[in-house]
Amino acid sequence: MKLDRLGDFQRTHRNGDLRLDHAGQTVRLLGWCRRVRNLGSLVFLDLRDRWGLVQLVANEETADPELLTKLKAVRSEFVLAAEGVVAERESKNPNLATGDVEIRLTGLRILNTAAPLPFPLEDEGVGEDLRLTYRFLDLRREQLQRNMLLRSEVANLTRNHFRELDFIEVETPILTKSTPEGARDYLVPSRVHAGEFFALPQSPQLFKQLLQVAGFERYIQICRCFRDEDLRADRQPEFTQIDIEMSFVRQEDVQGVIEPLMVKLAQVVGKDVTAPFPRLPYRDAMEWYGSDKPDLRCALKIQDVTALFAASGFNLFRAAAESQGQRRVRALFFPGEAAGSLSRKALDAYQEQARQMGAGGLPYAKWGRDGLSSSFKKFLEPADEAALRQRLGVTGEGLAVFAVGTDAQTSKVLGDLRVKLAVDLAASERDPALAHLFHDKNAYAFLWVVDFPLLEWSEEAQRFVACHHPFTSPHPEDLDLLETDPGKCRAVAYDLVLNGFEVGGGSIRIHDAETQSRMFRIIGIGEAEARAKFGFLLDALAFGAPPHGGLALGLDRLVMLLAGVDNIREVIAFPKTAQARCLMTDAPGPVDERQLRELHLAPDTQQTYWVGTLFFDGPAELAGPAPRPLSQLTPRQAQGVSLPTFEFMKNPEPGRGAESL
RNA sequence: GGGGUUGUAGCUCAGUCGGUUAGAGUGCCAGCCUGUCACGCUGGAAGUCGCGGGUUCGAGCCCCGUCAGCCCCGCCA
């Protein structure tokens with residue numbers, strides 16, 4: 001099809017803005033054809049741009065025949081420039097902002113055609129692999145346009161918020177240095193320095209601290225961070241952080257600049273949240289909610305019932321009671337009819353969840369219409385049951401689930417089930433007060449989890465490792481514990497939690513070289529290593545580093561929660577799959593051997609298939625083009641290559657195979 | 001690294017106990033149609049049942065392997 005030129009065509013209006021007030025005006029519009037409705041001698045077309053949709057119309061009686069022919073040739077997603085007169089519709093569409101008017105076409109330019117789309121833009125439920133392959137089309141869809149707009153809005157509000165507070169934005173390096181501790185680094189080989197590597201930053205942590213030493217006092221950056229770890233629904237290998245750092249501050253000062261920002265951001269999506277947010281010590285969070293990022297939309301708390309089973313016939317529970325606090329029996333009680341009438345099948349499903357969290361099973365006690373049923377009923381004497389009911393506050397129907405084990409084990413199981421059961425029960429419980437208690441899905445429950453432990457014992461490394469990072473300041477009251485009982489030492493670290501997601505985390509940092517050295521020593525980084533890896537930091541701390549601290553917010557997660565979607569990919573323009581691949585560009589991919597050589601890297605022949613043209617034994621001049629450099633295919637790509645077309649082999653030996661092509 | 005789950009027409013899916021020529025809706029193509037807006041009506045084209053192997057007289061269906069998407073565990077200072 002012959003295309004028209006944009007030429008000097010100028011848009012006069014946004015499609016979504018046209019109203020009856022514009023009637024009679026000649027307008028020029030641009031956009032994509034959403035759909036043509038061809039009624040024969042009367043043709044309608046919906047023209048979409050970023051701001052909305054308006055109906056174009058032409059009919060046989062009044063329109064130029066050439067224009068009508070052209071209009072009938074238009075298909076979905078053609079790119080158009082349209083000129084016409086705004087007119088009141090004969091039959092209006094109340095579902096459309098522009099539904100009272102239509103544009104009687106006087107001119108039409110087809111700026112580009114479009115092949116039939118691989119998936120419809122209107123439908124929900126299109127396979128995500130397909131959406132990711134054609135992400136540029138996926139992003140045309142209204143939902144993603146909204147999400148990206150919201151994301152942009154959040155970034156703007158954030159920048160304005162901190163600018164008003166006199167923060168300055170400073171960029172930090174993307175090519176930086178690999179550091180021990182923490183997540184796996186993405187590495188970038190250095191061409192200039194054989195055998196040496198840059199690392200992409202897991203966060204600008206050290207740089208923002210150094211900017212405090214530099215005297216900027218208040219820093220912000222919206223920056224990309226990289227962590228080479230396995231993905232989840234709320235985790236991508238590259239993600240965006242709202243990174244701030246301040247000098248001469250205490251924990252409350254940092255929280256004090258974040259809370260009003262959260263209030264503003266919540267307002268963008270019409271939610272009222274009130275600051276200050278609750279502060280919950282880590283220890284209580286784990287004890288009551290079994291999580292360091294509790295979802296406070298559910299108010300139910302875990303309870304310790306170990307003591308009730310000291311003389312129980314149920315060995316599993318009694319053994320815990322006799323373990324001197326090593327192991328405990330903890331329980332969650334869900335009151336109400338919905339909980340009391342859960343089916344065996346439903347309970348089995350929750351047991352499966354518990355197993356996945358590392359539990360052996362899921363002991364339960366259910367008080368239903370027909371009285372008590374329990375997986376350990378035969379060990380439950382009437383007196384014990386009464387004590388249990390009193391301890392858990394059972395007055396009517398309901399369900400109690402139990403976990404036995406260490407604090408960490410029981411927290412994991414019950415912390416997970418607390419939210420899962422609450423969400424399910426909120427949907428099925430008829431008593432609105434209870435449903436609200438279980439899970440209020442419209443609420444935004446912010447809180448600060450504070451007083452994290454500074455260190456935790458790592459079985460794998462057989463040493464203490466930093467819970468947050470090694471630059472986190474020990475709690476001033478616990479300084480003496482640093483060497484005597486490191487596991488008990490609290491940190492001045494705080495996480496911002498929203499609806500069960502960690503949306504931010506920060507700390508007051510160590511700002512004197514001596515404490516920093518102590519810290520390194522405790523986590524097994526010797527003086528020489530500290531010097532080699534963090535010498536610049538120790539130097540900086542020695543030259544007048546101010547007390548400082550800060551926080552980083554996960555922008556993607558925050559926008560995900562504000563957008564009300566359950567997957568971080570929905571708020572990232574070009575995300576990776578769960579296997580850390582970009583389906584659109586097919587990255588990562590193999591590179592030419594020459595590139596590898598320049599970077600002083602050797603190909604991993606175990607993982608590489610070589611593919612070339614067919615063997616040819618005749619004279620070289622008949623072989624057509626000179627043998628081109630071989631390209632490499634991964635096993636995944638090699639699967640798509642058909643054997644008759646290509647000769648390909650794994651692990652070519654020198655002098656054979658690849659070389660002999 | 002481990003567990004679960006999904007893969008059939010461009011898309012969303014159905015496909016019984018292993019049995020003849022693999023279906024539906026939608027999209028696409030063509031024709032008709034003056035008030036549609038999920039336009040309507042008529043007709044048509046469209047399949048590597050993810051890929052490879054095996055069992056079988058016979059495999060979309062059963063078995064093994066593999067690739068890919070999603071969710072979870074480990075991991076993520």
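By convention in this document, chain letters (A, B, ...) are assigned in the order of the sequence lines, proteins followed by strands, and residues within each chain are numbered from 1.
Using a 4.5 Å cut-off on side-chain heavy atoms (C-beta onward), A/Leu45 and A/Gln55 make no contact. Residues A/Arg418 and A/Asp416 form no side-chain contact, since every pair of their non-hydrogen atoms from C-beta on lies 4.5 Å or further apart. Under the 4.5 Å side-chain criterion, counting only non-hydrogen atoms from C-beta, A/Pro201 is in contact with A/Phe226. At a threshold of 4.5 Å between non-hydrogen side-chain atoms, the residues A/Val559 and A/Asn147 do not count as touching. You'll find the side chain of A/Leu200 stays beyond 4.5 Å of the side chain of A/Thr176, heavy atoms only. The closest side-chain heavy-atom distance from A/Val57 to A/Leu105 is not below 4.5 Å.
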Could you list, one pair per line, each protein nitrogen or oxygen that sits under 3.5 Å from a nitrogen or oxygen of nucleotides 4-6 of chain B, together with the distance?
none

Contact list (N/O, under 3.5 angstrom) for nucleotides 74-76 of chain B vs protein:
from   : atom 1 : to       : atom 2 : distance (Å)
B/rG74 : N7     : A/Arg232 : NH2    : 2.8
B/rG74 : O6     : A/Arg232 : NH1    : 3.0
B/rG74 : O6     : A/Arg232 : NH2    : 3.2
B/rG74 : N1     : A/Asp230 : OD2    : 2.6
B/rG74 : N2     : A/Asp230 : OD2    : 3.1
B/rC75 : O2'    : A/Glu229 : OE1    : 2.5
B/rC75 : O2     : A/Arg235 : NH2    : 3.2
B/rC75 : N3     : A/Arg235 : NH1    : 3.3
B/rC75 : N3     : A/Arg235 : NH2    : 2.9
B/rC75 : N4     : A/Arg232 : NH2    : 3.4
B/rC75 : N4     : A/Arg235 : NH1    : 3.4
B/rC76 : O2     : A/Arg235 : NE     : 3.3
B/rC76 : O2     : A/Arg235 : NH1    : 2.7
B/rC76 : N3     : A/Arg235 : NH1    : 3.0

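Distance CD (A/Glu61) to P (B/rG35): 11 Å, rounded to an integer number of Å. The distance from atom CG of A/Asp138 to atom C1' of B/rG69 is 14 Å, rounded to the nearest whole Å. Across the protein-nucleic acid pair, A/Asn567 atom CG and B/rG69 atom P stand 14 Å apart, rounded to whole Å. The CD atom of A/Gln409 sits 16 Å away from the P atom of B/rC73 (whole-angstrom rounding). Computed from coordinates, the A/Phe119 CZ to B/rC28 P distance equals 15 Å when rounded to whole Å. Here B/rC71 presents its P atom at 10 Å from CG of A/Asp234, a figure rounded to the nearest Å. The separation between A/Gln579 atom CD and B/rC71 atom P is 10 Å, rounded to whole Å. The nearest whole Å value for the distance from the CG atom in A/Leu117 to the C1' atom in B/rU12 is 15 Å.
Take A/Phe520 and apply the ring pair (Phe, Tyr, Trp, His ring centres under 6.0 Å) test, not counting sequence neighbours, and it matches A/Phe534. In terms of the ring pair (Phe, Tyr, Trp, His ring centres under 6.0 Å) criterion, residue partners of A/Phe452 (sequence neighbours excluded) are, by chain and number, A/Tyr282. By the side chain to side chain donor-acceptor pair (under 3.5 Å) test, A/Glu502 is found to be paired with no residue, residues two or more places apart in sequence or in another chain being considered. Residues satisfying the salt bridge (Lys or Arg N to Asp or Glu O under 4.0 Å) test with A/Glu124, not counting sequence neighbours, are A/Arg141. Shown here are the ring pair (Phe, Tyr, Trp, His ring centres under 6.0 Å) partners of A/His511, two or more places apart in sequence or in another chain: there are none. Partners of A/Lys72 under the side chain to side chain donor-acceptor pair (under 3.5 Å) rule, at least two apart in sequence or in another chain, do not exist in this structure. Residues forming a salt bridge (Lys or Arg N to Asp or Glu O under 4.0 Å) with A/Arg19 (at least two apart in sequence, or on another chain): none. Residues satisfying the side chain to side chain contact (heavy atoms under 4.5 Å, CB included) criterion with A/Ser76, sequence neighbours excluded, are absent altogether.
Rounded to the nearest Å, the gap between the P atom of B/rC28 and that of B/rC11 is 14 Å. Between the C1' atoms of B/rC39 and B/rC33, the separation comes to 10 Å (whole Å). Remark: the separation of the P atoms in B/rC57 and B/rA14 is 32 Å, to the nearest Å. Here, B/rC62 and B/rG19 have their C1' atoms 14 Å apart, quoted to the whole Å. To the nearest whole angstrom, the two P atoms, one in B/rU55 and one in B/rC29, are 46 Å apart. Nucleotides B/rA59 and B/rC76, compared at atom C1', are 44 Å apart to the nearest Å. A distance of about 11 Å separates the C1' atoms of B/rA45 and B/rA9, rounded to the whole Å.
Pairing for B/rU20 is absent, with no Watson-Crick or G-U wobble pair whose two atom distances lie under 3.5 Å. Of all nucleotides present, only B/rC11 satisfies the Watson-Crick or G-U wobble test against B/rG25, with each distance under 3.5 Å. The pairing partner recorded for B/rC61 is none, the criterion being a Watson-Crick or G-U wobble arrangement whose two distances lie under 3.5 angstrom. Pairing of B/rC33, defined by two Watson-Crick or G-U wobble distances under 3.5 Å, is not identified with any nucleotide. In this entry B/rU55 has no Watson-Crick or G-U wobble partner, no candidate having both defining distances under 3.5 Å. A 3.5 Å limit on both hydrogen-bonding distances identifies B/rG50 as the Watson-Crick or G-U partner of B/rU66.
Residue whose closest nucleotide on RNA chain B sits further toward the 5' end, between A/Ala580 and A/Glu88: A/Glu88. Looking at which nucleotide of RNA chain B each of A/Phe471 and A/Leu130 is closest to, the 5′-most match is held by A/Leu130.
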Next on the checklist: Show, in sequence, the C-alpha distance, side-chain angles and deciding distance for A/Glu570 and A/Arg131, and conclude whether the salt bridge (charged side-chain N to carboxylate O under 4.0 Å, His left out) test is met.
Outcome noted: CA-CA 11 Å; A/Glu570 297 298 311; A/Arg131 291 175 49 202; 3.1 Å; yes

Next on the checklist: Show, in sequence, the C-alpha distance, side-chain angles and deciding distance for A/Glu181 and A/Arg463, and conclude whether the salt bridge (charged side-chain N to carboxylate O under 4.0 Å, His left out) test is met.
Outcome noted: CA-CA 12 Å; A/Glu181 302 285 300; A/Arg463 61 175 177 86; 2.8 Å; yes

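At B/rC29, one or more side-chain N or O atoms of A/Arg75 fall inside 4.0 Å of OP1 or OP2 (strictly under the cut-off).
Contact annotation for A/Ser41: base contact, defined as any heavy-atom pair under 4.0 Å involving a base atom. Backbone-only engagement by A/Arg569 is indicated by non-hydrogen atom pairs under 4.0 Å involving sugar-phosphate atoms exclusively. In this structure, A/Val126 reaches the sugar-phosphate backbone alone: every heavy-atom distance under 4.0 Å involves primed, P, OP1 or OP2 atoms, never a base. At the heavy-atom level, A/Thr472 lies nowhere under 4.0 Å from the strands shown.
Pairing each heavy atom of A/Asp292 with each of A/Met286, the nearest pair is N-SD, 3.5 Å.
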Checklist entry - How does protein contact run along nucleotides 36-41 of chain B, one letter per nucleotide 5' to 3', with B for base contact, S for sugar-phosphate only, - for none, heavy atoms under 4.0 Å? => result BBSB--

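Contacts of residues 413-422 of chain A with RNA chain B (heavy atom under 4.0 Å): none.
Proximity note for A/Glu90 (side chain, C-beta onward) versus B/rG69, B/rG10, B/rG35: the nearest is B/rG35.
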